[in-house]
Amino acid sequence: MKTHIKIFASVLAAVAVMSLSSCSEEGFFDVKAPSAADESNVYSNYTLSEYAIFSISETFGHTNNYRGRFLPWYGFNTDVEWYNGTNTTGKQLAQYNPTTNNTQLNLDNGPYNEMFVGIERANLAIEGLRTYGDIENQPDMAYLLGEALTLRAMIYYDLIKAWGDVPARFEPINSDNIFMAKSSRDTIFVHILADLEEAINYLYWPGQSTQTATTDRINKAFACGLYARIALFASGYALRPENGTVGTGNVGSVRKTDEPQLQASVLYPNALKYLKMVIESGTAHLESSYEQLWRNFNNYDLTAGKEVLYSIPFSDGRGRWNYHFAGSHEGTAYIGTAANRGGDVGPVPTLYFKYEAQDTRRDVSCVNFNWIEDGQEPAGIDMWYFGKYRFEWMDVQPYGGGNDDGLKPVVMRYSDILLMAAEITNELGNLNEAKDFLSQVRERAYAGNESMVTNYINGLADKNAVFNAIVDERALEFVGEFLRKADLIRWNLLNTKLDEAKAEMTALAQRTDEVYYSYNADGMGLTFWGLDPAQSGISPEGSQWILAEDYFSDFDTELIDAMYQADPNQHMFWPIFDITLTNSQGYLKNDYGY
C-alpha cells in the first residue's frame with residue numbers, strides 16, 4: 001500500500017497530464033505498480049479513500065495553480081473589477097491581449113496543467129470508489145464519491161471558463177489516452193452536469209455530518225448551486241468554434257450552443273429544482289450583516305450552515321488572497337513586513353457611485369485609502385480597493401508577512417443561490433417569485449431601509465426590468481468575488497459593459513468637485529466629503545476635514561484606455577500557452593484567432 005501511495009504521488013508529480021514531453025514509450029502507463037489488491041485495500045477503506053480525495057484539493061495550493069496564477073489572474077477586467085496601476089506583460093491577461101508566451105502562465109506547472117493533475121487524481125478516486133467502495137451500503141463512502149465528482153466538475157468548469165474547449169478526460173491516464181486533443185466543451189458540460197446530479201444524491205447538507213461541518217469540504221448545497229452555475233454558463237453565450245472545428249484553429253463566433261441537452265428549456269427547470277432544494281433545506285442562510293460576513297471571512301470562519309457554501313481549502317500557511325486583493329498596506333503592523341501587501345486589484349472607480357448611500361455593501365466593498373505605517377491616506381479616485389478583504393480585520397493572525405496568508409477564498413455563497421433562482425424563475429416567466437428572491441438579497445443590503453427595497457422591487461414592471469435589476473445586483477453583491485466575467489460572457493454583455501465602464505470613468509475624470517477627508521475615530525479608515533455628487537460645491541463643516549488636492553483631475557486616463565487592448569469578445573478565453581502546446585505532441589492547437 002505504501003508503494004501504491006509513493007508511486008501514485010511520483011507519477012502525478014512527474015506528469016502534468018497534458019504537458020508531457022518525453023514519456024511516450026509504449027506501455028509506460030500500462031505498468032500497474034500497485035496491484036489490484038493494493039487498490040482494493042485503498043478504495044475499500046474509508047480513511048485511505050479520504051486521503052485520495054484530499055489529494056484532489058491539495059492541487060489547489062500548488063504554487064502556480066489556483067494559489068498563485070489562476071485566482072490572481074482570472075476574472076479581470078470587468079465593468080466592476082480591474083487591475084490597478086499601469087500595464088505590464090502580466091496584465092495582458094486581464095486586458096484581453098495575452099500572448100502564448102506570457103510569462104505568468106506559459107509554465108509547465110501553470111494552472112492549465114495543474115488543473116488536469118487535479119482531474120487525474122479525481123479520475124483515479126472515482127474509478128477506485130466505483131470499483132471497490134461499498135457505495136450502496138456505506139453512506140460515508142458514497143459521500144466521498146460525491147465529493148470527488150463535484151471537485152472534478154468544479155475544476156472542469158474553471159478550465160472551460162478560462163480556456164474554452166479543452167480535452168475531455170474522464171478516465172485515468174493510460175498509454176492509449178496519454179495525449180488527447182480538445183473536445184467540444186458541450187461534451188464536458190453534459191458529463192459534469194450528470195456527475196453533479198449523481199453526486200447530489202450522495203452528499204451531506206452543510207453541518208449534517210462530520211465531513212460537512214466546515215466549508216472547506218464539499219456539501220450538497222454547494223453541489224446544487226454548482227449545477228445551477230454551470231447550467232447557466234453552458235446554456236448561455238460564449239465564443240465557440242464552428243460546429244465540428246474544435247481544435248482546428250477556428251476563429252469562432254459568440255453564440256449559444258446547439259446541443260439539445262444544454263438548452264435553457266432543458267437545464268433551467270432542473271437547476272431551479274436544485275436551488276429550491278437548498279433554499280427549502282434551511283441549511284444555509286444570509287448573514288444578517290454584510291460587514292460581519294466579511295469580518296468572519298478575514299478571521300478564517302469556516303463554520304458550515306451560514307452563508308458561505310464552499311471555500312478553497314488552502315492551509316493556514318498557503319494561499320495568496322489578501323496578499324493580492326486586500327487594501328494596500330506598506331510597512332504596517334498588520335502585515336508584519338516593510339514590503340507592500342495588497343492593492344493589486346480593486347473595484348472599477350465608478351462602482352462606488354452605483355451604490356446608494358443606504359446600501360450597506362458600498363463601504364464594505366469599495367475603499368479609497370492606503371495604509372502607510374499604521375495610518376491612512378487617500379488613494380486617489382483611480383485607485384480603489386476591495387474592502388471585503390482587509391489585513392486590519394484579521395484579528396486571528398497566523399499571517400506573518402510572507403507571500404501566503406492562509407485565507408480560504410469563497411467559491412459560493414447563499415446569496416448566489418437566491419440570485420440564480422431569481423434569474424431562472426424570471427426567465428421561466430414567474431415574475432413575482434423572481435422578485436421575491438431578489439428582494440431577500442437586497443433587504444439584507446438595505447437593513448433599516450427596507451421600504452426602499454419595496455419601492456424598488458415594485459417598480460420592476462416586466463421580465464426585462466427584472467433581468468436588468470439582477471445584472472446590476474450581481475455586480476453590487478459579488479464585486480471582488482470574480483463571478484462577473486463569466487456572468488458577462490454568458491449574458492453576451494462583455495463588450496457592452498466594458499465600454500459602459502470606460503465611458504463612465506471618462507466622465508468621472510472630468511469632475512472638478514473639491515473632495516475632503518477626515519480620519520475615523522476608530523483609526524480604521526477615512527471618511528470622504530464630496531465624493532457624493534449631492535455634496536458637490538458644499539464645504540463641510542468643522543475643522544477636521546482635509547482637502548484632497550486635485551482629487552478628480554489626477555485620474556490616470558491611460559488606465560481607462562488600457563482596460564482592454566484587444567477585442568474582449570474574441571479574447572474572452574486565454575490561449576493554451578506555448579510550453580503546453582509544444583509538449584502535447586501536436587494534439588493541441590489554439591482556436592479563437594490565437
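Position 1 is the first residue of the sequence, and the numbers go up from there.
- Proximity of a side-chain donor or acceptor of R318 to a complementary backbone N or O of G61 within less than 3.5 Å is detected.
- Ion pairing of R217 with E50 is present here, as a side-chain N (NZ or NE/NH1/NH2) and a carboxylate O approach within less than 4.0 Å.
- Side-chain contact check for L71 versus P409: some heavy-atom pair is nearer than 4.5 Å.
- Ring-centre distance between W82 and Y564: not below the 6.0 Å cut-off.
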Do I126 and L149 pass the side-chain contact (heavy atoms from CB on, under 4.5 Å) test, and can you show the C-alpha distance, the side-chain angles, and the key distance before you say yes or no? CA-CA 7 Å; I126 291 165; L149 289 167; 3.7 Å; yes

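- Here the rule is side-chain hydrogen bond (donor to acceptor under 3.5 Å, both in side chains) with Y592, and of N250, N569, D165 only D165 fits it.
- Closest approach of I188 to V166, counting heavy atoms only: CD1-O, 3.5 Å.
- Contact check on D301 versus K408 returns no salt bridge, with no Lys/Arg side-chain nitrogen under 4.0 Å from an Asp/Glu carboxylate oxygen.
- A ring-centre distance under 6.0 Å is not found for F325 and W294.
- Every residue was checked against the salt bridge (charged side-chain N to carboxylate O under 4.0 Å, His left out) condition with K502, not counting sequence neighbours, and none meets it.
- Test Y112, Y83, W574 against W73 for ring pair (Phe, Tyr, Trp, His ring centres under 6.0 Å) and you get one pass: Y83.
- The CG atom of N123 lies 8.0 Å from the CD atom of E171; values are rounded to the nearest 0.5 Å.
- The aromatic ring centres of F60 and F70 sit 6.0 Å or more apart.
- Between the side chains of N64 and N109, at least one donor N or O lies within less than 3.5 Å of an accepting N or O.
- Atom OH of Y227 and atom CG of L232 lie 10.5 Å apart (nearest 0.5 Å).
- Here the CD atom belonging to E120 is positioned 10.5 Å from the CD1 atom belonging to I56, to the nearest 0.5 angstrom.
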Step-by-step side chain to side chain donor-acceptor pair (under 3.5 Å) determination, D140 to Q211: CA-CA 9 Å; D140 282 354; Q211 296 92 331; 3.3 Å; yes

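- In this pair, Y334 and W371 present their aromatic rings perpendicular. The plane angle is above 60°, beyond the 30 to 60° band.
- Pairing each heavy atom of D405 with each of N322, the nearest pair is OD2-N, 2.9 Å.
- A side-chain hydrogen bond (donor to acceptor under 3.5 Å, both in side chains) with N243 is found for one member of D258, D186, T257 and no other, namely D258.
- Of the candidates E81, R413, R474, L483 forms a side-chain contact (heavy atoms from CB on, under 4.5 Å) with just one, namely R474.
- Formation of a donor-acceptor pair under 3.5 Å by the R255 side chain with backbone atoms of P241 is found in this model.
- Salt bridge annotation for R69-E114: absent, with no cationic side-chain nitrogen under 4.0 angstrom from a carboxylate oxygen.
- Looking at R490 and Y237, their side chains never come closer than 4.5 Å, going by heavy atoms from C-beta outward.
- In this structure, the ring of Y157 has its center no less than 6.0 angstrom from the ring center of F189.
- Aromatic rings from Y156 and F170 are positioned such that their centres are separated by under 6.0 Å.
- Annotation: side chain of Y132 is not in contact with side chain of N45 (no heavy-atom distance under 4.5 Å).
- Between L107 and N113, the shortest heavy-atom distance links the atoms O-ND2, 3.6 Å.
- The minimum heavy-atom distance between R320 and H324, with the atom names listed, is O-CD2, 3.1 Å.
- In this structure a side-chain-to-backbone donor-acceptor pair under 3.5 Å is missing from D195 to T150.
- From I53, atom CD1 reaches atom CD1 of I218 across 10.0 Å, with rounding to the nearest 0.5 Å.
- Two residues are said to be in side-chain contact when any heavy atoms from C-beta on lie closer than 4.5 Å; T332 and F391 fail this criterion.
- The closest side-chain heavy-atom distance from H571 to Y594 is below 4.5 Å.
- Panel note: side chain S584, backbone L588; a donor-acceptor pair is recorded below 3.5 Å.
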Applying side chain to side chain donor-acceptor pair (under 3.5 Å) to E39 and Y43, what does each step give before you reach the verdict? CA-CA 6 Å; E39 194 170 349; Y43 291 110; 6.0 Å; no

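- A donor-acceptor contact shorter than 3.5 Å links the side chain of K182 to the backbone of K589.
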Could you walk me through whether W321 and Y300 pass the ring-ring contact (aromatic ring centres under 6.0 Å, His included) test, one step at a time? CA-CA 12 Å; W321 193 257; Y300 305 89; over 10 Å; no

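- Not one N or O on the side chain of Q565 forms a donor-acceptor pair closer than 3.5 Å with the backbone of Q95.
- In the displayed structure, Y51 atom OH is contacted under 6.0 Å by at most 12 heavy atoms of other residues, nucleotides or ligands.
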Pair N495, D567 - check side chain to side chain donor-acceptor pair (under 3.5 Å), show working. CA-CA 8 Å; N495 274 27; D567 180 5; 3.1 Å; yes

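- Shown here are the salt bridge (charged side-chain N to carboxylate O under 4.0 Å, His left out) partners of D158, two or more places apart in sequence or in another chain: K161.
- Considering all non-hydrogen atoms of both residues, P568 and L494 come closest at O-CD2, 3.6 Å.
- Side-chain contact check for R152 versus H191: some heavy-atom pair is nearer than 4.5 Å.
- Rounded to the nearest 0.5 angstrom, M420 CE and C224 SG are separated by 10.0 Å.
- Looking only at distances, a side-chain donor or acceptor of Q570 sits under 3.5 Å from a matching main-chain atom of V251.
- The OG1 atom of T496 sits 9.0 Å away from atom CG of L488, with the distance rounded to the nearest 0.5 Å.
- With hydrogens and angles ignored, the 3.5 Å screen pairs a side-chain donor or acceptor of K220 with a backbone N or O of L203.
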The test is side-chain contact (heavy atoms from CB on, under 4.5 Å); show your working for R240 and T245 and say whether it passes. CA-CA 9 Å; R240 294 173 173 275; T245 67; over 6 Å; no

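- Neither side chain, Y96 nor N77, offers a donor N or O lying under 3.5 Å from an acceptor on the other.
- Panel note: side chain Y389, backbone G480; a donor-acceptor pair is recorded below 3.5 Å.
- The minimum heavy-atom distance linking F314 with L407 is given by the pair CD1-O, 3.5 Å.
- At distances below 3.5 Å, not a single donor-acceptor pair connects side-chain atoms of N298 with backbone N or O atoms of M394.
- S365 is not listed as a side-chain neighbour of P347, based on a closest heavy-atom distance of 4.5 Å or more.
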Going through the checks in order, is the side-chain contact (heavy atoms from CB on, under 4.5 Å) test met by Y46 and M141? CA-CA 6 Å; Y46 177 83; M141 296 296 282; 3.8 Å; yes

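- Contact of the R67 side chain with the N403 side chain is registered, since non-hydrogen atoms from C-beta on lie closer than 4.5 Å.
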